[in-house]
Each structure stands twice: as C-alpha cells, then as structure tokens.
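Okay, structure first, notes after.
Model, not experiment: these values are computed from the prediction.
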Amino acid sequence: MTNPASIADTHHNTHPDLEMDSDLDNSLENTDDLNYATLTEALEQTVFENFDDGLYIGMMSGTSLDGMDAVLCQFGTDTGSEEETQQPMRLLASYSQDFPPRLREVLLALCQPNGVQVLTPTADEPNSELDWFGWASREYGEFASEVINTLLTQADTDVELVLAIGCHGQTVRHRPQMGFSLQLLDANIIAEHTGISVVSDFRRRDMAVGGQGAPLVPAFHQALFATPDSTRVLLNLGGIANVTVLPATANNSSNQPDNTIGNVVDNGVVGYDTGPANLLLDAWTALHTDKGYDAGGAWAQSGQVIEPLLNQLLEHPFFAKSYPKSTGREDFNLAWLQDELQKFDQASAVIRYSSADVQATLTELTAISASAQINQFIDANKNTSVYVCGGGALNSYLMTRLQANLPHCTVETTASLGLDPTWVEAVAFAWLARQTLMGETGNLPAVTGASKNVVLGQVCFA
C-alpha cells in the first residue's frame, strides 16, 4: 500500500509518520469493541480515511488489443478554487503505449480456445496453454508497470501521492453462461515495480452474486455523466460496443455529499453489450492491409455495404438476446467472420465483392446493431444526445453511419462532456479502484444481472 502517512502529509504539515502510526495502533486496539455498520465507517476510523482525496491511476487494454491506456486522475477535488470544487473528476495526465509485438501475439492466441497451438515457442518460452497464460500474466504486469512509471514521470508526480491503480487486466475468456470470466494479470508485479497498491479482478465478485461481470463502465457513466435534466446515452466503441442509457432520474447527486461521485444505485440505468466494434474492424484491416486499424474509416468508406452479408451477420444469436448480456472474442472473432464469408460465398456465388466492401459491411454491422438498441430507449419527439467514447469515436465514417441510423439523436463524442473519448474507460477503472478502497459498490445489478450491489475487485497492497 502506498504509505498513508505521506498522503496525510500533503494535508498536514506535521510529522505524520509518528502520528499516523499511533492512530493506526489505537484503531486496531479498539477494533474488537466497535461494530461498524459499513466498511466505509470502519475506514473513517483508520489511517485510510483519505481514500477519496488522493490520486488514482486507471488502466485499460480492451478486446481490440490496440494498446494500453493509462490515466492519472483525482475525484471529488477541493483545492480551494470555486471552479475546481465543482468538478467531480479531474484528468491530470494520460499516456498510451502499444503492446510489445510478442505479448500481443500471445494474448491474441490465448483469447481463443487452444489458440496457442499456432505459436512457435523459442527455447526459453512455454509450450502449453497454461504455461503461456502464466508467461503472459507476468509479461503483462511488467509492461503495465512500465506504462505506469512513464505516466508518472511525464506527469512529474510522486508515486507516494497515488493511492491505488485500477487495472482490469486482459480478458482472455469471458463465459458468463458458465459463471466465470478470466482476466490475465499478475497484480503483484505491478505493485512491486511501482510501489502502488493495485485493484484488479473486478468482474468475478459480480459474477459470484449471479451477474455477468460486464459491462462494468455503466456505473461510472452514471456517476460522472448522468444529469437530472435529460436522458443521455453513452456508447462505448472498443473491441466490443456497449451502451449505457442514463435517464434523467439516474442522477443521484441529491443523495451525495458535495464533490463526490461515489454512490451507486440503479435509478433506471440500462447498460449492456450490443455487439462487435473495433475487434472485427481491426482484425479485417490487419488481414488485408499493412495497417493495424482503419484510420478514420477511410478504407470502409471506399467500399460498398453488402446488404445480404450484413443481414446474414445480424442473424448471430447474440443480437436477439435480451439484456442483461455481454460478449467478447468468444462470439465475434476473425475465424467466425471467415466462416460466415464462406457460407455467404456458397449461397451467393454470383455476388462479387472486395475486401473494402467487407470492411464497409462490418462498419455498418457495428453502427446498425448499436443503433437498433439505442432506438428502443429514445423518444422520437425529443432530441436525445448520444455520446460516443472508445477508439471507435475516432472513426469518422463510423460516426457518420451512427448518425444516419439515429435520426432522432445528436451523435457526438464525450469530449462534449469534458472527457476525451480515448480515456473514458481508463478513468472508469481508476474510479472503480477508488470505489473498492472506499468500500463502496461498483456494479449495477440492472446492468449485469447480479442479485445485489457488491464491492468489486481484489487489492494487492504495495
């Protein structure tokens, strides 16, 4: 754990090491005599009462595996300026780095059952799936530590000021129907190499109470973006697309102290995965070009949508499922797409198309599957704003197709709400780490299908 005394020292110009140790001893001696109603009340009696005042790091590497994002932020700040006290979150610094090629290759292989069979190990590398998982967990931790230390160096921020890192890890298997989700990460490596406590393994506590463990960001969307004045829709376009509908009633600020975004209640919030996004777009681009992604959607825009193929892809059973629901590479991947193309070719031999046409069709698949869900929740007589985040927000052609399929909505990015779309998910995991340390819940049962709100995550103390 980051030294709490050094955190306190930023608020009290005394000799905190002695004072805080004494307070901790007293609190531990009296623990048996006290019966706290909540973990939060207990924390308030210890050195950990400042969990809502310090800095947090959030990290995200999504299903598209396009890189690792890291942010340094502060929640519920009160620095004396009237303007600053009104901000529930301040993004202080951000940094993104591409995965090392070998690590990315192994992660992609681990995302598919028996996928490591395509790997050719060197003399010092593993030769079984479980060994590869262990290898990648350590390498992921090493890489994440490098990203964090670079972020702090560029931000000129002392490590002692950071209370915790929220690191989701890399999902390599998501099987909600079987009751588990597997995130690859050795949090011990990060804690040791950075000197900061790490909160990880966010999904499985939700799954332990009957939830799907995903999506987790709608609770953060509610905390930061809900307003009592209007309905807002958040659409995250990462590897997978997920939607959050925030009705005007979702704003619970009247129940919270000033400058906090901590309490989590459902309040009519709806959120779930809608289908594939960058996962398929990036995979198809990498297969047919020398690029890792379709910048701005220019390649897709050069093609034509293959309507019969689009209709065939929309027959995937996931699209017909009712929410709560979540998905990933297990359902949508390059092998699935190639199988679908083979079926299409056999049934429609007379139709000629190019690889750019397939990219246009995949782009439309993302736009139409997400828009169909959003249209269920909006009033055609009222203009609703849809705020897009994730890497797909930078795909101008995809944004155009979303607007075309959402004629009663204004489609823009979360930059309009004050947070760059690139960093929303990383900030969400910084917030989730804070929730964990505060003893506050981080899931929305109406979103995940859980039976109750629970505190998420495991803590690896530094």
Approximate separation, where rounding is to 0.5 Å, of Glu440 CD and Asn453 CG: 10.5 Å
Mutual orientation of the aromatic rings belonging to Trp284 and His288 [parallel < 30°, tilted 30-60°, perpendicular > 60°]: tilted
Glu105 side chain reached by Leu103 side chain, heavy atoms, under 4.5 Å: no
Side-chain donor or acceptor of Ser451 paired with backbone N/O of Val209 under 3.5 Å: yes
Gln458 and Ser200: side chain donor to acceptor below 3.5 Å: no
Nearest heavy-atom neighbours spanning Thr231 and Pro247: OG1-CA, 3.7 Å
Exam field: side chain Ser416 to backbone Glu412, donor-acceptor pair closer than 3.5 Å: no
Gap separating the SG atom of Cys389 from the CG atom of Leu235, nearest 0.5 angstrom: 7.0 Å
Heavy-atom side-chain proximity of Val217 to Val424 below 4.5 angstrom: no
Flag if over 12 foreign heavy atoms under 6.0 Å of CZ, Arg205: no
Least distance between heavy atoms, Gly457 atom then Val199 atom: CA-CG1, 4.2 Å
Asp379 atom CG, over 12 foreign heavy atoms within 6.0 Å: yes
Thr414 (side chain) donor-acceptor with Leu419 (main chain) under 3.5 angstrom: yes
Phe133, CZ atom: more than 12 neighbouring heavy atoms under 6.0 Å: yes
Nearest-0.5 Å distance that lies between atom CD in Gln212 and atom NZ in Lys325: 10.0 Å
Residue pair Ala380 / His408: nearest heavy atoms and the distance that separates them: O-ND1, 3.5 Å
Ser96 side chain reached by Trp423 side chain, heavy atoms, under 4.5 Å: yes
pair Thr153-Asp156: side-chain heavy atoms closer than 4.5 Å: no
Exercise: do Gln373 and Tyr272 side chains pair donor with acceptor under 3.5 Å: yes
Side chains of Tyr293 and Ser64, donor plus acceptor under 3.5 Å: no
Close side-chain approach of Ser94 and Asp69, heavy atoms under 4.5 Å: no
Asn395 side chain vs Gly392 backbone, donor-acceptor pair below 3.5 Å: no
Contact summary for Ile190 and Gly141, nearest pair of heavy atoms: CG1-O, 3.7 Å
Side chain to side chain contact (heavy atoms under 4.5 Å, CB included) partner of Trp336, the single match among Asp331, Leu341, Leu280: Leu280
Mutual orientation of the aromatic rings belonging to Phe220 and Trp431 [parallel < 30°, tilted 30-60°, perpendicular > 60°]: tilted
Thr327-Asp273 side chain donor-acceptor pair, cut-off 3.5 Å: no
Close side-chain approach of Arg232 and Thr227, heavy atoms under 4.5 Å: yes
Between Asp294 and Thr285: side-chain donor-acceptor atoms closer than 3.5 Å: no
Residue pair Tyr95 / Gln97, side-chain donor-acceptor N/O under 3.5 Å: yes
Short side-chain to backbone donor-acceptor contact, Thr448 and Ala214, under 3.5 Å: no
Pair Phe319 + Phe332: ring centers closer than 6.0 Å: yes
Exam field: side chain Arg329 to backbone Thr63, donor-acceptor pair closer than 3.5 Å: yes
Reported CG-to-CG distance for the pair Leu72 and Leu92, which is rounded to 0.5 angstrom: 5.0 Å
Any side-chain heavy-atom pair of Pro276 and Leu365 under 4.5 Å: yes
Residues Leu313, Asn311; criterion side chain to side chain contact (heavy atoms under 4.5 Å, CB included); working and verdict: CA-CA 6 Å; Leu313 297 179; Asn311 293 332; over 6 Å; no
Any donor-acceptor pair under 3.5 Å from Asn278 side chain to Leu237 backbone: yes
Exercise: identify the closest heavy-atom pair between Ala360 and Ala300: CB-O, 3.3 Å
Evaluation steps, side chain to side chain contact (heavy atoms under 4.5 Å, CB included), between Arg102 and Arg104: CA-CA 5 Å; Arg102 185 56 166 171; Arg104 185 176 190 273; over 6 Å; no
Residue Phe143 excluded, over 12 heavy atoms near CZ under 6.0 Å: yes
Nearest-0.5 Å distance, CG of residue Asn375 to OG1 of residue Thr384: 9.5 Å
Test item: Val447 and Pro324 side chains (from C-beta on) under 4.5 Å apart, heavy atoms: no
Side-chain donor-acceptor contact under 3.5 Å, His174 with Ser326: yes
N/O donor-acceptor pair under 3.5 Å between Arg173 side chain and Leu110 backbone: yes
Whether Phe225 and His221 hold their rings parallel, tilted or perpendicular, with breakpoints at 30° and 60°: tilted
Carboxylate-amine/guanidinium contact Glu364 Arg401, below 4.0 Å: yes
Gln376, CD atom: more than 12 neighbouring heavy atoms under 6.0 Å: yes
Chi angles and distances behind the side chain to side chain contact (heavy atoms under 4.5 Å, CB included) call for Leu119, Trp132: CA-CA 10 Å; Leu119 299 174; Trp132 274 118; 3.7 Å; yes
Test item: Gln170 side-chain N/O and Gln183 main-chain N/O as donor-acceptor pair under 3.5 Å: no
His168/Met60 under side chain to side chain contact (heavy atoms under 4.5 Å, CB included): CA gap, chis, key distance, verdict: CA-CA 6 Å; His168 173 55; Met60 185 62 190; 4.2 Å; yes
Any donor-acceptor N/O pair, Thr157 side chain to Ala155 backbone, under 3.5 Å: yes
Gap between atom SG of Cys167 and atom CZ of Phe429 - 0.5 Å precision: 9.0 Å
Minimum heavy-atom distance between Asp206 and Gly213, given as atom pair plus value: OD2-N, 2.8 Å
